[in-house]
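First comes the structure, then the notes that go with it.
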Amino acid sequence: MHLFEQVMRPMLSTRQLHVLTDRVPKADAVEFRYWVGRYKLNLGNIQQARDLLQLAFNDCPNRSKNKRTILIYLTAASIGCGIAPRLALLSAFNLHAQFGPLIEYIKYGNGAAFERHMNAWMPWFAKFELVLILKEKVTFMIWRTILRRVALITDPVNLRADRDVQISLRLVADALKIGYQDDSYDVDDAQMIVLCVIDQGYARGGVRHVAAMVTKLHIPPPSALTKLAAKPHSHELYHID
């Protein structure tokens, strides 16, 4: 990976990537975008990785066996951006069993089921070097879902209007206990999780320690986390919420 970065650094800007891939055969452009997309994914540049992998997927012929491999990494990157392929698309490439449940667990904030699913499919995800990426990004998305669901109960008007909400850390802790089926979560855990979600850009705001209240917390809808993928395949995507 270090050698790859040294060799490719002059060509890794978005502008250079488009100039380069516009001047080479489509098959070479697909392969190049796939590998650079994977590189960006490993660096944690999820949005850039998704954009490159989406372009590679769009241009890859349907008859190519590589299209499924591209979709595997595209799905992993997309989930971290709050979007996912339609379940019909995953089924068409025999990927529903691996990724379909993850999308559902994110939608409902089911952390316990997510952990069981990752353990069950660990060898498969490890084969594609996606274990750490998925554990990190899906966990943040589940935490974000839990915060939105608490806000939906306690401050629905402001949440639906996409305004700042106020939620109790005690209620967040209770929701975490339910989502992870673990009674050990407390207010300190809830505060740490809120701050992590803010740090990763899935929400904005801060924590006020008086009465264990989160104040001025803005949890944007999924559509605000990222732009939709390049057309013409946008109909195969939807925002996770």
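Bear in mind the structure is a predicted one, so any value in this text is a computation, not a measurement.
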**Fill in**
Exactly one of Ile167, Asp199, Leu147 clears side-chain contact (heavy atoms from CB on, under 4.5 Å) with Val194, and that residue is Leu147

**Message:** Looking at Ile83, is its backbone amide N or carbonyl O close enough to the side chain of Ser78 to form a donor-acceptor pair, meaning the two atoms are under 3.5 Å apart?
**Reply:** no

**Item:** Trp124/Phe128 aromatic ring centres below 6.0 Å
**Value:** yes

**Message:** Check for me, please, whether Ile146 and Ile178 land in the same ILVMFWY cluster - side-chain distances under 4.5 Å, paths through other members count.
**Reply:** no

**Prompt:** Is there a donor-acceptor contact under 3.5 Å from the side chain of His117 to the main chain of Ala112?
**Reply:** no

**Request:** Keeping the roles fixed (side chain from His96, backbone from Leu87), state whether a donor-acceptor pair exists under 3.5 Å.
**Result:** no

**Message:** Taking Asp164's backbone N and O only, do any of them form a donor-acceptor pair with Arg204's side chain (distance below 3.5 Å, no angle check)?
**Reply:** no

**Asked** How about Val30 and Asn58: do any of their side-chain heavy atoms sit closer than 4.5 Å?
**Response** no

**Asked** When hydrophobic residues are tied together by side-chain contacts of less than 4.5 Å, even through go-betweens, does Ile153 share a cluster with Val150?
**Response** no

**Request:** Test Ile142 against every option in Asn110, Ile106, Ile193 by the side-chain contact (heavy atoms from CB on, under 4.5 Å) rule and name the one that passes.
**Result:** Ile106

**Fill in**
For Gly100 and Leu90 the tightest heavy-atom approach is N-CD1, 4.1 Å

**Prompt:** Is the NZ or CZ atom of Lys67 positioned over Phe57's six-membered ring, under 6.0 angstrom from the centre and within 45° of the axis?
**Reply:** yes

**Prompt:** With a cut-off of under 6.0 Å to the ring centre and 45° to the axis, is Arg38 in cation-pi contact with Tyr73?
**Reply:** yes

**Request:** Answer yes or no: is there a side-chain heavy-atom contact under 4.5 Å between Gln181 and Arg116?
**Result:** yes

**Asked** Is the shortest distance from a Lys or Arg side-chain nitrogen in Asp155 or Arg163 to a carboxylate oxygen in the other one below 4.0 Å?
**Response** no

**Item:** Leu152 atom CG: more than 12 heavy-atom contacts under 6.0 Å
**Value:** yes

**Message:** To check you understand the geometry: which heavy-atom pair defines the closest contact between Leu53 and Gly37, and what is its length?
**Reply:** CG-CA, 4.1 Å

**Message:** Just so I know, are the side chains of Lys127 and Pro123 near enough to count as touching, which here means a heavy-atom distance under 4.5 Å?
**Reply:** no

**Prompt:** Is there a side-chain contact between Asp186 and Arg170, using heavy atoms and a 4.5 Å cut-off?
**Reply:** no

**Item:** Transitive ILVMFWY side-chain link Met192 to Leu169, under 4.5 Å
**Value:** yes

**Message:** Please find the pair of heavy atoms, one from Asp59 and one from Lys26, that lie closest to each other, and give the distance.
**Reply:** O-CD, 3.6 Å

**Asked** Are any non-hydrogen side-chain atoms of Ile79 and Lys137 less than 4.5 angstrom apart?
**Response** no

**Request:** Answer whether the closest heavy-atom distance between the side chains of Thr154 and Leu171 falls below 4.5 Å.
**Result:** yes

**Complete:** CG (Leu74) and SG (Cys60) are apart, to the nearest 0.5 Å, by 11.5 Å

**Message:** Between Thr139 and Lys135 (side chain of the first, backbone of the second, donor and acceptor by atom type, cut-off under 3.5 Å), is there such a pair?
**Reply:** yes

**For the student: nearest non-hydrogen atoms of Tyr108 and Thr145, plus distance** = C-CG2, 4.0 Å

**Prompt:** How about Phe99 and Phe125: are their ring centroids closer than 6.0 Å?
**Reply:** yes

**Request:** Check Ala190 against Ala173 and note the closest heavy-atom contact, atom names and distance.
**Result:** CB-N, 3.9 Å

**Request:** Mind listing the closest non-hydrogen atom pair of Arg148 and Ile219 along with its distance?
**Result:** NH1-O, 2.8 Å

**Message:** Could you tell me if the side chain of Leu132 sits less than 4.5 Å from the side chain of Glu136, heavy atoms only?
**Reply:** no

**Prompt:** Within a strict 4.5 Å, meaning less than it, do heavy atoms of the Met122 and Val131 side chains meet?
**Reply:** yes

**Donor-acceptor pair, side chain of Arg33 and main chain of Leu52, under 3.5 angstrom** = no

**Prompt:** Can Gln47 and Asp51 be said to form a side chain to side chain donor-acceptor pair (under 3.5 Å), step by step?
**Reply:** CA-CA 6 Å; Gln47 180 68 64; Asp51 289 346; 3.0 Å; yes

